[in-house]
Amino acid sequence: MANRAQIPSRNSALIAMIADEDTVVGFLLAGVGNVDLRRKTNYLIVDSKTTVKQIEDAFKEFTTREDIAIVLISQYVANMVRFLVDSYNKPVPAILEIPSKDHPYDPAHDSVLSRVKYLFSAESVASGRR
């Protein structure tokens, strides 16, 4: 129990977003947005002018911030930085890939889903069920 990752409880934990404008605006309207005293936001709007370096930097920032519990990333954006998403292995913040309006969800590219499938297949082989 001592090695478990803890979600900060002094304030509420945030959800970070890396996605297209429509997706981010939808979540902002639902109350997910935050701007801190240093004018840092908890979202990145990805458009045609956004570079892969900017996406990488935002992903690294959001996954190292103490106040973020979940990072929502559009799957097509996650595909641009797939090496970072696949190599990320901490439980908090959790990384969830979501579909966007223009790019449908493809379960074959979802790293979380592939890890879950692997765990269940390894568990079923170990227990003799198959």
Side-chain angles (χ1 to χ4, degrees):
M1 288 278 193
N3 292 335
R4 289 192 137 182
Q6 296 294 317
I7 297 174
S9 60
R10 58 182 140 63
N11 291 327
S12 60
L14 299 174
I15 297 174
M17 294 278 313
I18 303 174
D20 61 282
E21 184 176 19
D22 291 340
T23 304
V24 171
V25 168
F27 277 91
L28 292 177
L29 289 171
V32 171
N34 184 60
V35 179
D36 66 12
L37 296 174
R38 296 170 300 183
R39 309 284 298 156
K40 288 284 205 181
T41 62
N42 64 328
Y43 58 88
L44 173 69
I45 296 175
V46 178
D47 58 16
S48 60
K49 298 174 192 152
T50 308
T51 65
V52 173
K53 174 86 169 100
Q54 289 172 308
I55 297 168
E56 290 174 7
D57 291 344
F59 184 85
K60 289 174 185 175
E61 177 191 345
F62 293 155
T63 55
T64 56
R65 279 178 50 178
E66 296 280 326
D67 60 340
I68 292 180
I70 299 171
V71 177
L72 299 177
I73 184 168
S74 289
Q75 192 174 50
Y76 84 96
V77 176
N79 287 335
M80 294 180 198
V81 291
R82 179 59 57 195
F83 62 97
L84 284 176
V85 175
D86 288 346
S87 65
Y88 183 80
N89 59 5
K90 296 178 184 172
V92 176
I95 308 299
L96 297 175
E97 294 180 31
I98 60 173
S100 65
K101 184 174 78 171
D102 299 328
H103 300 88
Y105 175 76
D106 182 5
H109 291 134
D110 190 335
S111 61
V112 174
L113 185 61
S114 65
R115 289 177 192 171
V116 170
K117 284 182 179 179
Y118 173 77
L119 288 173
F120 279 113
S121 66
E123 183 179 291
S124 63
V125 168
S127 67
R129 289 180 268 150
R130 255 221 129 175

Looking only at atom types and distance, does a side-chain atom of D47 sit under 3.5 Å from a main-chain N or O of T50, one as donor and one as acceptor?
yes
Where is the tightest heavy-atom contact between Y105 and E97, given as atom of each residue plus distance?
CE1-O, 4.2 Å
Partners meeting ring-ring contact (aromatic ring centres under 6.0 Å, His included) with F27 (sequence neighbours left out):
none
Atom of V32, atom of I15 and distance for their closest heavy-atom approach
CG1-O, 3.4 Å
Rounded to the nearest 0.5 Å, what separation is found between the CD1 atom of I95 and the CG atom of D86?
11.5 Å
Counting only N and O atoms by type, is there a donor-acceptor contact under 3.5 Å from the side chain of S74 to the main-chain atoms of V77?
no
Indicate if F83 and V46 have the same hydrophobic cluster label, given that clusters are the connected sets of ILVMFWY residues with side-chain heavy-atom separations under 4.5 angstrom.
yes
Please answer: with hydrophobic residues joined when any side-chain heavy atoms are less than 4.5 Å apart, are I98 and V25 in the same cluster?
no
How many angstroms lie between atom CG of N42 and atom CZ of R65, to the nearest 0.5 angstrom?
6.0 Å
Quick one: CD1 on I73 to OG1 on T23, what's the gap to the nearest 0.5 Å?
11.5 Å
For K40 and D36, run salt bridge (charged side-chain N to carboxylate O under 4.0 Å, His left out): C-alpha distance rounded to whole Å, both residues' side-chain angles, the deciding distance at 0.1 Å, then the answer.
CA-CA 5 Å; K40 288 284 205 181; D36 66 12; over 6 Å; no
Membership question, hydrophobic clusters at under 4.5 Å side-chain separation (ILVMFWY): are L29 and I70 in the same one?
no
Between F59 and M80, does the side-chain contact (heavy atoms from CB on, under 4.5 Å) criterion hold? Intermediate values first, please.
CA-CA 11 Å; F59 184 85; M80 294 180 198; over 6 Å; no
Going from CZ on F62 to CE on M17, what distance comes out if it is rounded to the nearest 0.5 angstrom?
9.5 Å
Side-chain (Y88) to main-chain (P93) donor-acceptor, under 3.5 angstrom
yes
Applying salt bridge (Lys or Arg N to Asp or Glu O under 4.0 Å), which residue pairs with at least one partner in residues 17-28 are found, sequence neighbours left out?
D22-K101
Less than 4.5 Å apart, any side-chain heavy atom of K60 and any of L84?
yes
Closest contact, heavy atoms only, G33 versus L28
CA-CD2, 3.3 Å
Inter-residue atom distance N79.CG - R82.CZ, 0.5 Å rounding
4.5 Å
Minimum heavy-atom separation for V92 and I68, please, with both atom names.
CG1-O, 4.2 Å
Is there a path from V24 to L72 through hydrophobic residues (I, L, V, M, F, W, Y) whose side chains come within less than 4.5 Å of each other?
yes
Atom CG in L44, atom CD1 in I18: separation rounded to 0.5 Å?
6.0 Å
